[in-house]
Amino acid sequence: MSFQDTITSIEKMEIRGAGRIARAAVSALCEFADTLPPSDLVTWQQGMMTAAARLIATRPTAVSLPNAVHLIERVVKKAGSRDEGIRMVRERSRAFVRSSLSAVERIGEIGSKHIRDGDVVLTHCNSEAALACILTAKKEGRRFSVIATEVRPGNQGLLTIKTLGGAGIRTEYIVDSAVRFFMNKVDLVIVGADAVVVNGAVVNKIGTSQIALAAREARTPFIVAAETYKFAPRTLVGELIEIEERSPLEVLPYEIAKDLPSVTVRNPVFDVTPSEYIDLIVTEEGAIPPAMAYVIIRDYLGWDIIEFQREAGVFHDNME
Ligand code: RI2
């Protein structure tokens, strides 16, 4: 797939899911590194940084995307020559893809322990990390069923039920607004994440926070499955996660909308679930209470926190 094809596919959500977007972005940069016309190091670096910025701009909410792209940018900046840069980008990109896939597998192993025989598990949207927990529990021989939501307007629930059905897991498919109706029979909610904020709040597919609210009311445990590269370092310095709002045409066809000039269709595709509604965040490094999100950013993400604080002007030299 060409670099431009990857950009377009991510924008159109043909490539979607926070982890998949991150892997597609670093793979696209890897291909792109080689295809830039022969040039001096600085021109190559500029080309790479422009490409990185274009990828990051495709979808603003999933922090996995800038986190993964930043890993590539770091080696681009460090390269001593164009050839060395291409080699380092290739190695870094392959290493990220490998570690991302193994993180999802590890999350499945850790998260599956929370699913018991006889449970009814509710999931929302189509998260490979959340599904890894469910599929691993099935592989481990536990007998449970799943309630999967439809996920208007993108209908990602269809992908979820295909995976669950393919694995022979008993599944009930419901419209998003039926969540509270069913919550009393749910034993556990498992969802994915597009971003985890330093205070443990989770940004995920629109509707997640309503589900968390219903789960809290019914005293149903609410678990988030998220790789460490979905934790948002810049929230350490007070940056907010931008919530993507997509085209109204995804919600209402033009044929109907055109006759309703006074109606504005809003289509935010993510919302924020406060940390108080989350019992556990399952990462590949272990399951943590949301209050420990800072520790993940500090210890596992490998970001230079001091560099951030300097950029944001909140770190003073006398604090070193
Ligand atoms: P994994 C998705 O976003 C969903 O919100 C999902 O919960 C989240 O990414 C994480 O997905 P979208 O791309 O990385 O469908 O766990 O907007 O697959």
Side-chain angles (χ1 to χ4, degrees), residues 6-27 55-56 58-68 96-97 99-112 121-136 146 148-164 176 179 189-197 201-212 222-232 241-247 250-251 267-273 278 281-284:
T6 304
I7 296 262
T8 312
S9 299
I10 295 176
E11 281 170 348
K12 287 185 175 169
M13 289 181 67
E14 289 158 1
I15 300 175
R16 55 145 296 281
R20 285 194 192 89
I21 292 171
R23 293 196 294 273
V26 298
S27 303
L55 277 163
I56 288 173
T58 53
R59 294 203 64 196
T61 303
V63 168
S64 50
L65 177 60
N67 276 356
F96 176 80
V97 171
S99 70
S100 163
L101 293 172
S102 75
V104 172
E105 202 180 315
R106 184 76 192 117
I107 286 171
E109 288 163 7
I110 299 170
S112 68
V121 179
L122 185 142
T123 191
H124 181 58
C125 200
N126 178 253
S127 154
E128 59 177 357
L131 280 171
C133 304
I134 295 169
L135 294 172
T136 308
V146 176
T149 49
E150 185 181 25
V151 198
R152 278 270 296 150
N155 298 322
Q156 287 95 328
L158 270 182
L159 300 170
T160 296
I161 60 169
K162 281 181 190 162
T163 300
L164 296 171
D176 302 312
V179 163
V189 178
I190 305 183
V191 296
D194 291 81
V196 182
V197 177
V202 165
V203 181
N204 192 49
K205 182 56 55 191
I206 192 80
T208 302
S209 66
Q210 284 180 184
I211 296 173
F222 185 96
I223 291 185
V224 175
E227 303 91 295
T228 50
Y229 55 76
K230 292 177 183 165
F231 286 63
I241 304 286
E242 183 184 338
I243 301 292
E244 177 182 6
E245 183 151 354
R246 294 180 64 86
S247 165
E250 291 182 353
V251 178
N267 185 19
V269 290
F270 301 103
D271 63 22
V272 182
T273 300
I278 300 165
I281 303 178
V282 181
T283 78
E284 71 275 22

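Quick caveat, the model's predicted, so the values are computed rather than measured. When a ligand or atom number is given, it counts from 1 through the structure's own listing order.
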>> Please list the nearest protein heavy atom to atom 18 (O) of ligand 1 with its residue and the distance rounded to 0.1 Å.
In response: E128 N, 2.8 Å
> Does ligand 1 have an atom under 4.0 Å from some heavy atom of H124?
Replying inline: no
>> Working to the nearest 0.5 angstrom, can you tell me the gap between I21 CD1 and T6 OG1?
In response: 12.0 Å
> When you measure from atom 11 (O) of ligand 1 to every protein heavy atom, which one gives the shortest distance, and what is it?
Replying inline: A18 N, 3.5 Å
> Are any of the N/O atoms in S127 less than 3.5 Å from those in ligand 1?
Replying inline: yes
>> At less than 4.0 angstrom from any non-hydrogen atom of A129, what atoms of ligand 1 do you find?
In response: 16 (O)
> Any idea which heavy atoms bring K230 and A18 closest together, and the distance?
Replying inline: CE-CB, 3.7 Å
> Taking only residues two or more places apart in sequence or in another chain, which ones pass side-chain contact (heavy atoms from CB on, under 4.5 Å) with E105?
Replying inline: E109
>> Below 4.0 Å from ligand 1: does a non-hydrogen atom of N204 turn up there or not?
In response: yes
>> Could you tell me, atom by atom, which parts of ligand 1 come under 4.0 Å of a heavy atom of G17?
In response: 2 (C), 9 (O), 11 (O), 12 (P), 13 (O), 14 (O)
> F270 heavy atoms, cut-off 4.0 Å: which ligand 1 atoms fall inside?
Replying inline: 3 (O), 5 (O), 17 (O)
> So, for V202 and G192, which heavy atoms are closest and what is the spacing to 0.1 Å?
Replying inline: CG1-O, 4.2 Å
> Sequence neighbours excluded, which residues qualify as ring-ring contact (aromatic ring centres under 6.0 Å, His included) partners of Y229?
Replying inline: F96
> Can a non-hydrogen atom of K230 be found less than 4.0 Å from any atom of ligand 1?
Replying inline: yes
> Of all the non-hydrogen atoms in the protein, which one sits nearest to atom 15 (O) of ligand 1, and at what distance?
Replying inline: R16 NE, 2.6 Å
> Which atoms form the tightest heavy-atom contact between R152 and V251, and what is the distance?
Replying inline: NH2-O, 3.4 Å
> Is the closest heavy atom of D194 to ligand 1 under 4.0 Å?
Replying inline: yes
>> Give me the residue, atom name and distance of the protein heavy atom closest to atom 17 (O) of ligand 1.
In response: K205 NZ, 2.7 Å
> Under a 4.0 Å N-O cut-off, is there an ion pair linking R16 with E14?
Replying inline: no
> Among I243, I241, V197, which one satisfies side chain to side chain contact (heavy atoms under 4.5 Å, CB included) with V272?
Replying inline: I243
> To the nearest 0.1 Å, how far is atom 10 (C) of ligand 1 from its closest protein heavy atom, and which atom is that?
Replying inline: A193 O, 3.4 Å
> Can you list the ligand 1 atoms lying under 4.0 Å from a non-hydrogen atom of G19?
Replying inline: 14 (O)
> Which atoms of ligand 1 sit under 4.0 Å from any heavy atom of R59?
Replying inline: 12 (P), 13 (O), 17 (O)
> Does E244 come within less than 4.0 Å of R59, counting only side-chain N to carboxylate O?
Replying inline: yes
>> Taking the basic N atoms (NZ, or NE/NH1/NH2) and the acidic carboxylate oxygens, is any pair closer than 4.0 Å for R23 and E128?
In response: yes
